[in-house]
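Order of listing sets the numbers, starting from 1, for every ligand and every atom in it. Here the structure is a predicted model, which means the values were calculated and not measured. By convention here, the first residue in the shown sequence is residue 1.
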Amino acid sequence: MKKEEIRITVMISGSGTNLQAIIDAVEAGEIPRAKIVLVISNQASAYGLERAENHDIPTEIITDHDFADIKDREKAVIAALDNERTDLVVLAGYMKILPEAVIDAYEGRIINIHPALLPKFGGRGFYGLKVHQAVLDAGETETGVSIHYVTKEVDAGPIILQKKVEVRQSDTPEILAERVLEREHELYPQAIKKVIEEKGW
Ligand code: GRF
C-alpha cells in the first residue's frame, strides 16, 4: 500500500535556502505526495524559520540552551518528529550532530546534504566554509554535493545522490560555496524523490 502522503520534517540552523528549494519543489508538485509537516531549528534566529512561517509550515525551536541535557534534547526532538508522524527527516544546514537516540529512532529515514564529494572532505570539523577552504587548499579541480543517509558515523552513511561542481583557479571559499549551493538546491529535491521511490512509499 502506497502512503497517501509522505510527511517530511526539515531540520535547519540558519538561512534555509535548501529548505526553500524543498518547499518550492513540493509546491510545484515535483515531489509527489510530499508534505513538509514541521521545521525544527536549533537556533531561534534562523531565517529559515521565517521561510517556513511564510508557507504556513509549523516550526519548533529546540536549542542546546533550553535543553542543556542531551537526554532532554533527544527526547524533545523525537517527540516533535513523532507528534507530526514524520516519515522522513531532512537535515538541511542543521549544524549539530544528531543525538544517537534520534538516529536509532529514525534509522534509515534521516538524510543529510554535504557540500563536497564524500567521502572526501567530510566528518567532524568539515562544515560550512571550512569544507570549501579544505578543497581549495588541497588543489582539487572538482568538488560537489553529496546527499546521504545519516548513520552514527558523521558524513559516512550510504550515498543517495552526488553531483560534481568544478573548482576554478579564481575561487575563494565563499565563491565556491555559492556555486556548490546552487547545485544543492537542484539536487536535494531530486534526492528526496529518489528516497521515496526506493523505499516504495
Ligand atoms: C549548505 O551548504 C549545506 O550543505 C550545509 O550548510 C549549508 C546550508 O545552507 N550543510 P542553507 O541553510 O540551506 O542555506
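- Close contacts of ligand 1 with P115, meaning ligand atoms under 4.0 Å from a residue heavy atom, involve 4 (O).
- When hydrogens are left out, the protein atom nearest atom 3 (C) of ligand 1 is E184 OE1, 3.2 Å; that is the closest non-hydrogen contact.
- Residues K35 and I6 fail the side-chain proximity criterion, which asks for heavy atoms closer than 4.5 Å.
- Residue contacts with ligand 1 include I113, since one or more of its heavy atoms lies under 4.0 Å from the ligand.
- For the pair Q20 and H185, the minimum side-chain heavy-atom distance is 4.5 Å or more.
- Remark: D64 engages K96 in a salt bridge, criterion side-chain N to carboxylate O under 4.0 Å.
- By the 3.5 Å distance cut-off applied to N or O atoms, H114 is not counted among the residues near ligand 1.
- Atom 14 (O) of ligand 1 has T17 OG1, 2.5 Å as its closest protein atom, hydrogens excluded (heavy atom only).
- Looking at atom 13 (O) of ligand 1, its nearest protein heavy atom turns out to be N18 N, 2.8 Å.
- Heavy-atom proximity to atom 12 (O) of ligand 1, evaluated over G14, G16, G93, is greatest for G16.
- Taking the side chain as every heavy atom from C-beta outward, V167 and L176 approach each other to under 4.5 Å.
- Using a cutoff of 4.0 Å between basic side-chain nitrogens and carboxylate oxygens, E142 and K164 are scored as salt-bridged.
- Ion pairing of E140 with K120 is present here, as a side-chain N (NZ or NE/NH1/NH2) and a carboxylate O approach within less than 4.0 Å.
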